[in-house]
Amino acid sequence: MERIGFIGLGIMGKPMAINLLKAEYQLVVYNRSKPKVDELVAKGAEAAGSPREVAEKSSVIITMLPDSPQVEEVLTGPDGVFDGVKKGSLIIDMSTISPVVARNLSEEARKYGASMLDAPVSGGEPGAIQGTLSIMVGGSTEDFERAKPLFEVMGKTITLVGEAGAGQIVKACNQIVVALTIGAVSEALVLGSKAGVNPAKILDVLSGGLAGNKVMEVRRSNFLEHDFKPGFKIDLHHKDLRIALETGRDYGVSLPLSAVVDQMMSSLVARGDGSKDHSAVLTLIEDLAQHKI
Ligand code: NAD
């Protein structure tokens with residue numbers, strides 16, 4: 001069995017790493033803040049003092065970090081993964097980052113005799129805990145086949161979507177649909193509620209027809225109870241819309257609806273709500289209408 005390195009033990013990374021431990025993989029872990037490492041060590045993982053040490057001690061290295069700069073730092077920075085990576089090792093970045101950065105890092109990995117997959121996920125914290133994430137993968141078929149047993153521990157829908165960077169492109173598409181759906185559900189709830197209808201009834205009815213969607217189902221209580229403990233932080237979804245808009249610019253694709261929701265999230269971040277769940281977009285629509293559902 002391959003020895004697995006895992007870097008980035010946040011909301012997503014921690015449960016993903018725990019699932020690998022449960023599947024009896026040997027894990028070497030590193031995180032910026034130490035308490036998360038200690039938790040994993042208590043469950044049987046080995047602690048490493050730097051990303052370099054993780055790379056030296058494992059043949060597959062998984063990263064689950066916030067954004068492109070952190071992935072670049074962990075891979076290419078001092079005491080980074082590239083300083084310790086062995087020939088033939090496989091790096092799997094499961095964070096959501098820029099497709100361009102993903103492609104560049106994959107080329108860089110090759111210079112060290114290693115290879116790389118971009119494998120961002122959807123399905124959120126519950127999917128990470130239950131091991132039912134959707135994993136969209138960019139890279140070679142050979143690397144995909146090698147990583148598949150690990151993906152099967154962490155996820156359910158596992159798809160090779162193209163060459164390096166393609167996983168991140170599909171993830172950007174995913175984040176557009178989720179963001180716009182949150183915006184649409186929020187507007188519907190505020191309109192219906194201010195016009196006198198019980199918002200729970202609105203969700204019940206809409207979920208039975210063409211308007212039905214997963215956001216409504218999974219975030220139902222967040223909307224109805226104003227429970228905005230993250231889940232998925234606005235800061236991170238705002239970052240994902242930035243990636244989508246930049247990618248749109250790179251390819252000459254206009255994304256007017258994404259731009260509007262991006263601006264709404266900018267406002268939420270500016271007023272200090274960046275660490276709330278993305279369903280808190282509802283509160284901005286509520287403020288515009290001067291009505292709380
Ligand atoms: P998080 O902020 O909870 O976790 C990030 C972790 O990385 C933290 O433990 C932090 O200490 C660590 N970290 C940050 N910089 C580091 C560095 N330089 N070196 C080592 N460790 C470092 O974020 P998350 O919600 O787990 O998200 C991780 C990635 O997964 C993001 O790209 C996010 O967009 C994506 N994602 C999140 C969700 C979700 O629902 N939370 C769903 C799908 C995808």
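In each ligand, atom 1 is the first atom listed, and ligand 1 is the first ligand listed. Scope of the values below: all heavy atoms of this structure, side chains included, with no hydrogens, waters or symmetry mates. The structure presented is a predicted model; accordingly, all values stated were derived computationally and were not measured.
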Charged N-O contact under 4.0 Å between Arg3 and Glu46: yes
Mark up the atoms of ligand 1 that fall under 4.0 Å of a heavy atom belonging to Lys171, in ascending order. 43 (C), 44 (C)
Nearest protein heavy atom to atom 23 (O) of ligand 1, by residue and atom, and its distance? Leu236 CD1, 3.7 Å
Correct closest heavy-atom pair for Ile92 and Ala147 would be CD1-CB, 3.7 Å
Can you check whether Arg32 has an N/O within less than 3.5 Å of an N/O in ligand 1? yes
So, regarding Tyr30 and ligand 1 (criterion: nitrogen or oxygen to nitrogen or oxygen, under 3.5 Å), is there a contact or not? no
What is the closest protein heavy atom to atom 22 (C) of ligand 1, and at what distance does it sit? Leu65 CD2, 3.3 Å
Identify, by atom number and element, the atoms of ligand 1 in contact range of Ser95, meaning under 4.0 Å from any of its heavy atoms. 32 (O)
Evaluate Lys233 for polar contact with ligand 1, using N/O atom pairs at a separation under 3.5 Å. yes
If two hydrophobic side chains count as joined below 4.5 Å and joins carry through other members, does Ile97 share a cluster with Ile176? no
Do the side chain of Lys239 and the main chain of Asp67 share a donor and acceptor less than 3.5 angstrom apart? no
Glu107 vs Lys111, salt bridge (charged side-chain N to carboxylate O under 4.0 Å, His left out): CA-CA, chis, key distance, verdict: CA-CA 7 Å; Glu107 272 168 35; Lys111 293 184 194 155; over 6 Å; no
In terms of the angle between their ring planes, are His278 and His237 parallel, tilted or perpendicular, with boundaries placed at 30° and 60°? tilted
Are any of the N/O atoms in Gly124 less than 3.5 Å from those in ligand 1? no
When only distance counts, is Met94 in polar contact with ligand 1, meaning an N/O pair under 3.5 Å? no
So that I can tick it off, tell me whether Glu142 and Arg146 are bridged by a salt bridge, with the cut-off set at under 4.0 angstrom between side-chain N and carboxylate O. no
For Lys36, the ligand 1 atoms with a heavy-atom partner under 4.0 Å come out as 9 (O)
Donor-acceptor contact below 3.5 Å, side chain Asp277 vs main chain Lys233: no
What is the nearest protein non-hydrogen atom to atom 12 (C) of ligand 1, stated with its residue, atom name and distance? Asn31 OD1, 3.2 Å
Any N/O of Asp67 closer than 3.5 Å to an N/O of ligand 1? no
Which atoms from ligand 1 have a heavy atom of Leu9 less than 4.0 Å away? 9 (O)
Measure from atom 30 (O) of ligand 1 to every heavy atom in Met64, Gln70, His237, Glu73 and give the option owning the shortest one. Met64
What protein heavy atom sits nearest atom 38 (C) of ligand 1, and how far away is it? Phe232 CD1, 3.4 Å
Report the nearest protein non-hydrogen atom to atom 3 (O) of ligand 1: residue, atom name, distance rounded to 0.1 Å. Ile11 N, 2.9 Å
Note the single closest protein heavy atom to atom 19 (N) of ligand 1, along with its residue, its atom name and the distance in Å. Val74 CG2, 3.5 Å
Any idea which part of Pro66 is under 4.0 Å from ligand 1, heavy-atom wise: side chain, backbone, both or neither? both
At what distance is the nearest protein heavy atom to atom 44 (C) of ligand 1, and which residue and atom is it? Val121 O, 3.6 Å
Sorted by chain and number, sequence neighbours left out, salt bridge (charged side-chain N to carboxylate O under 4.0 Å, His left out) with Arg110 holds for none
Protein contact of atom 26 (O) of ligand 1 - nearest heavy atom, named by residue and atom, plus distance: Met12 N, 2.9 Å
Where does Lys239 meet ligand 1, judged by heavy-atom distances below 4.0 Å: at the side chain, the backbone, both, or neither? side chain
Do the side chains of Glu246 and Arg242 get close enough for a salt bridge, i.e. N-O under 4.0 angstrom? yes
Taking Asp118 for its side chain and Ala102 for its backbone only, find out whether a donor-acceptor pair lies under 3.5 Å. no
For residues 148-164, which side-chain donor-acceptor pairs fall under 3.5 Å, sequence neighbours excluded?
none

N/O separation below 3.5 Å, Gly10 to ligand 1: yes
Test your reading of the model: is there a side-chain donor-acceptor pair from Glu56 to the backbone of Asp83, 3.5 Å cut-off? no
